[in-house]
There are 2 protein chains.
Amino acid sequence: MHKELTAKGRATRNRIIEGAAAVLREKDVSVATLDDIMAHTRTSKSQLFHYFPEGKDELLLAVARHEADQVLADQQPYLGCLDSWEAWHRWRDQVVKRYTEQGERCPLGSLVLHLGRSTPGARDVVVTLMRRWEENLATGIRALQTAGQLPAELDVEQRAAALLAGIQGGVLLLQSTGRADHLRAVLDQGISDLRRAAVI
Amino acid sequence: MHKELTAKGRATRNRIIEGAAAVLREKDVSVATLDDIMAHTRTSKSQLFHYFPEGKDELLLAVARHEADQVLADQQPYLGCLDSWEAWHRWRDQVVKRYTEQGERCPLGSLVLHLGRSTPGARDVVVTLMRRWEENLATGIRALQTAGQLPAELDVEQRAAALLAGIQGGVLLLQSTGRADHLRAVLDQGISDLRRAAVI
DNA sequence: GGTAGGCTGGACCAGCCAGTCCAGTCGAGC
DNA sequence: GCTCGACTGGACTGGCTGGTCCAGCCTACC
């Protein structure tokens with residue numbers, strides 16, 4: 001697929017994806033039109049359909065993948081080496097900062113919701129993202145275990161799952177209420193409960 | 001507003017709201033049309049605009065309010081009297097059951113997202129819902145305090161906020177991955193961390 | 001320097017769907 | 001039983017938007 005793209009073609013394709021991502025960070029999928037994307041990327045409709053023959057959904061899916069990659073990248077390098085309590089706190093700050101800045105928009109969320117079950121592969125994007133995210137958290141907890149900071153019998157999977165869910169909900173509440181209180185609470189509480197587990 | 005509605009008129013208006021809610025539980029807002037709602041409620045377009053002069057958005061907002069009321073109602077009577085550990089566990093089961101049955105659809109979520117900032121009042125619906133939900137949780141935690149099951153110095157607000165965020169994220173993950181693991185994990189972990197706080 | 005095929009521009013089309021309009025019915029109160 | 005206004009039916013419209021088509025440009029490769 002797209003093997004035959006020249007360097008110029010690839011550049012244009014990327015420009016479309018990034019431009020579309022920019023558009024979708026400003027307006028909701030249900031409102032954004034191909035014309036918006038054309039205007040923002042200085043492309044014509046034929047180019048859009050040239051690079052995404054299946055049409056709008058294929059383009060949106062590509063944007064969703066692009067955004068999903070961004071989510072974890074934005075948490076690096078912290079998320080990748082959660083091997084001390086200090087590292088956990090730095091990561092916490094990074095997450096709060098990232099989502100406070102992003103504000104009320106959730107391009108990836110609306111995208112996947114919009115594509116929904118009609119577009120095969122849309123769900124996979126978010127499922128994969130969540131799995132990776134959770135794995136990173138689990139790895140971090142295990143790192144604390146091997147560092148002797150946490151007891152070996154801790155249920156790592158459950159902790160990681162609960163933490164991930166908390167973050168998602170915190171972000172959701174940040175986006176719907178405009179306040180980061182919940183996100184902060186869930187991270188603080190999650191980490192301090194983890195620390196407390198160390199003492200027992 | 002709508003003071004002058006006769007009994008018949010009120011009945012029709014309610015039929016429209018409930019019918020629309022049923023439609024939106026099956027298809028996403030972005031796909032559902034007024035024709036779908038007409039078909040499902042046996043009404044004509046002029047009736048829709050008679051009862052909701054502002055058009056589709058006004059109708060959707062009414063549906064959103066209707067759905068929001070449902071959310072807390074579905075958690076009763078458990079959510080209302082979280083005054084023992086047993087009550088908390090019964091409530092937990094109820095929540096998991098409710099959202100497992102609901103499956104992947106989240107009518108209220110898509111509705112509010114769809115109405116977004118363009119419709120004043122849409123955000124309020126979800127903000128109010130979340131505030132009430134959180135208050136119920138906080139009341140439950142305080143009930144445990146007065147029952148002597150939890151220490152008085154516990155940060156009730158933070159616990160309630162974190163728990164609410166966890167639930168929202170758990171539901172989100174249930175809807176996007178199809179598995180209830182996260183919701184269960186966050187509730188189990190949340191309640192057991194609370195219990196552990198009792199010991200310390 | 002020629003040519004095949006990737007790349008680009010933009011006019012055009014067709015379907016969908018919210019919203020309008022008007023003609024007609026029903027029913028409560030006088 | 002009359003009348004006024006609430007209520008209902010359904011045809012019509014106008015704008016929007018995803019998608020198509022074709023004609024022409026650019027460039028890598030021979």
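Chain letters run A, B, ... following the sequence lines, proteins first, then strands; residues in each count from 1. Just the heavy atoms: all of them, side chains too, but no hydrogens, waters or symmetry mates, feed the values below.
The interatomic distance linking A/H50 (NE2) with D/dG24 (P) rounds to 19 Å, in whole Å. When the P atom of D/dG19 is taken as reference, atom CG of A/L59 falls 10 Å away, rounded to whole Å. The distance from atom CG of B/L48 to atom C1' of C/dT20 is 14 Å, rounded to the nearest whole Å. B/F49 has its CZ atom 16 Å from the C1' atom of D/dC7, to the nearest Å. Rounded to an integer number of Å, the gap from CD of A/E54 to C1' of D/dG18 is 14 Å. As rounded to whole Å, 8 Å separates atom P of C/dG19 from atom NZ of B/K56.
Side-chain contact check for A/N136 versus A/L82: every heavy-atom pair is 4.5 Å or farther apart.
Under the side-chain hydrogen bond (donor to acceptor under 3.5 Å, both in side chains) criterion, B/R65 pairs with no residue at all, not counting sequence neighbours.
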What's the verdict on salt bridge (Lys or Arg N to Asp or Glu O under 4.0 Å) for B/E104 and A/R123, showing C-alpha distance, side-chain angles and the deciding distance? CA-CA 11 Å; B/E104 313 184 4; A/R123 153 174 289 219; 3.0 Å; yes
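Nearer the 5' end of DNA chain D, as judged by each residue's closest nucleotide, is the contact made by B/R10, out of A/D57 and B/R10.
Taking 4.0 angstrom as the limit, A/K8 places none of its side-chain polar atoms (N or O) nearer than this to OP1 or OP2 of C/dC7. The phosphate of D/dT8 (OP1 or OP2) has a side-chain N or O of B/Y51 nearer than 4.0 angstrom.
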For a quick test of your reading: what N or O donor-acceptor pairs under 3.5 Å do the side chains of residues 162-176 of chain A make, sequence neighbours left out?
{"unit_1": "A/Q175", "atom_1": "NE2", "unit_2": "A/R105", "atom_2": "O", "d": "3.4"}
{"unit_1": "A/S176", "atom_1": "OG", "unit_2": "A/L172", "atom_2": "O", "d": "2.8"}

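The two residues B/K56 and B/T33 have their closest heavy-atom pair at NZ-CA, 4.4 Å.
Against DNA chain C, the stretch residues 19-47 of chain A makes heavy-atom approaches under 4.0 Å through A/S44, A/S46, A/Q47.
Other residues, nucleotides and ligands place more than 12 heavy atoms under 6.0 Å from the CZ atom of B/R98.
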